[in-house]
There are 2 protein chains.
Amino acid sequence: MGDHAGMKGIQRAELARRTGCNLETVRYYEKVGLLPEPPRTASGYRSYNSTHERRLRFVLRARELGFSLDEIRELLRLVDERDRPCAEARDVAAVHLADVRAKIADLRRMERVLEDVVAQCGDGTLPECPLIETLFQERTVN
Amino acid sequence: MGDHAGMKGIQRAELARRTGCNLETVRYYEKVGLLPEPPRTASGYRSYNSTHERRLRFVLRARELGFSLDEIRELLRLVDERDRPCAEARDVAAVHLADVRAKIADLRRMERVLEDVVAQCGDGTLPECPLIETLFQERTVN
DNA sequence: GTGCAGTCTGTAGCAACTACAGAGTCAAGA
DNA sequence: TCTTGACTCTGTAGTTGCTACAGACTGCAC
């Protein structure tokens with residue numbers, strides 16, 4: 001769409017539609033300070049412009065990468081301060097990457113055990129269910 | 001203390017200590033119906049026996065494998081009904097296994113992108129931070 | 001008897017949304 | 001002009017799986 005003085009004043013539903021973000025979520029992000037409160041029309045309706053949209057996209061993209069809202073707040077702060085943010089941003093991402101890897105490791109442990117018990121259950125006709133027996137055992141797995 | 005038939009009547013803290021489960025968590029599991037309400041002493045203190053402990057261990061083990069409380073409720077129901085539970089239990093586990101795999105896939109996507117941006121950031125002296133630029137882009141990754 | 005640890009209940013908090021209820025606003029159609 | 005329907009507003013409560021109190025009671029040792 002035309003944009004020079006063009007997209008002044010889109011409303012919540014339109015912003016949500018454009019970004020694929022849930023309506024209520026936009027409001028939530030404003031409430032918790034991730035997005036700035038937009039100006040209002042005379043009757044109190046929120047009126048967004050392209051900078052709001054851009055910022056929302058940033059948040060959504062960061063969420064896709066699993067950053068917590070706190071981490072995103074930190075990243076946005078770095079964006080705004082514009083004072084050599086790269087090293088700090090990289091550190092935030094590196095810490096998050098370590099978290100992601102730890103979660104993957106956890107899930108893989110679960111995956112292995114689950115694979116195993118599902119296979120042992122076979123067609124499900126065993127009188128003693130291996131899954132249930134496994135769960136009653138003291139931690140056999142590390 | 002010493003009860004003739006062995007471990008009749010341990011209390012909450014002792015149960016928590018034995019199983020490694022947080023005190024408050026035991027109470028929470030009772031409240032949401034995962035564990036049966038134990039009998040009480042004259043003054044209202046909960047008194048657990050080995051079947052309570054066994055059941056709590058089951059819940060904790062299932063949590064370690066990432067089962068949701070709803071799934072655990074379902075598994076416990078199957079345990080109690082004892083009516084050929086293996087096929088159904090296996091199905092619960094198979095669905096959960098699929099969830100776990102989906103989560104792993106999500107996290108690996110995140111991992112790849114994060115690895116990439118952290119590497120691009122290098123020593124953090126770039127004027128335009130690649131991480132931040134990536135986050136401002138429309139989804140480049142699927 | 002007095003101190004302290006244990007237990008009891010109920011409630012509130014966390015993350016990150018999501019889903020209402022109940023009221024107001026706005027533009028188009030009859 | 002009136003009405004309908006879709007949109008917006010606010011505030012609050014629900015979700016999952018806990019965790020952490022507050023304030024009162026109990027049980028036991030010294």
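To find a chain, count down the sequence lines: A is the first, B the second, and so on, and within it residues start at 1. Everything quoted here is computed from the prediction, not taken from an experiment. Values reported hereafter were calculated over all heavy atoms of this structure, with side chains retained and with hydrogens, waters and symmetry mates removed.
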Problem - Note, B:Met110 side chain near A:Leu97 side chain (heavy atom, < 4.5 Å) - result: no
Among [options], which nucleotide has an atom closest to any side-chain atom of [X]?
{"X": "A:Glu24", "options": "C:dT18, D:dT8, C:dT7", "value": "C:dT18"}
{"X": "B:Leu69", "options": "D:dT19, D:dC18, C:dA16", "value": "D:dC18"}
{"X": "A:Arg63", "options": "D:dT10, C:dA16, D:dT8", "value": "C:dA16"}

Would you kindly say whether [X] and [Y] are connected by a side-chain donor-acceptor distance under 3.5 Å?
{"X": "B:Gln120", "Y": "B:Asp116", "result": "yes"}
{"X": "B:Ser68", "Y": "B:Asp70", "result": "no"}
{"X": "B:His96", "Y": "B:Asp99", "result": "no"}

Exercise for the section: Select base, sugar-phosphate, or nothing to describe what A:Tyr29 touches, counting heavy atoms under 4.0 Å on all strands. Expected result: sugar-phosphate
To the nearest Å, give me how far apart [atom1] ([X]) and [atom2] ([N]) are.
{"X": "A:Lys31", "N": "D:dT10", "atom1": "NZ", "atom2": "P", "result": "11 Å"}
{"X": "B:Leu60", "N": "D:dC18", "atom1": "CG", "atom2": "P", "result": "9 Å"}
{"X": "B:Tyr28", "N": "C:dC14", "atom1": "OH", "atom2": "P", "result": "17 Å"}
{"X": "A:Leu35", "N": "C:dA16", "atom1": "CG", "atom2": "P", "result": "14 Å"}

Practice task
Ignoring backbone atoms, establish whether A:Ser68 has a side-chain N or O less than 4.0 Å from OP1 or OP2 of C:dA15.
Solution key: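 It does not, given that no N or O in the side chain of A:Ser68 lies less than 4.0 Å from OP1 or OP2 of C:dA15.
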Handout entry: B:Ser43 side-chain N/O to D:dG27 phosphate OP1/OP2 under 4.0 Å
Key =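 Yes, because at least one side-chain N or O of B:Ser43 sits under 4.0 Å from OP1 or OP2 of D:dG27.
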Practice task
For A:Arg27 and for A:Tyr45, find the nucleotide of DNA chain C with the closest heavy atom, then tell me which residue's nucleotide is more 5'.
Solution key: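 That would be A:Arg27.
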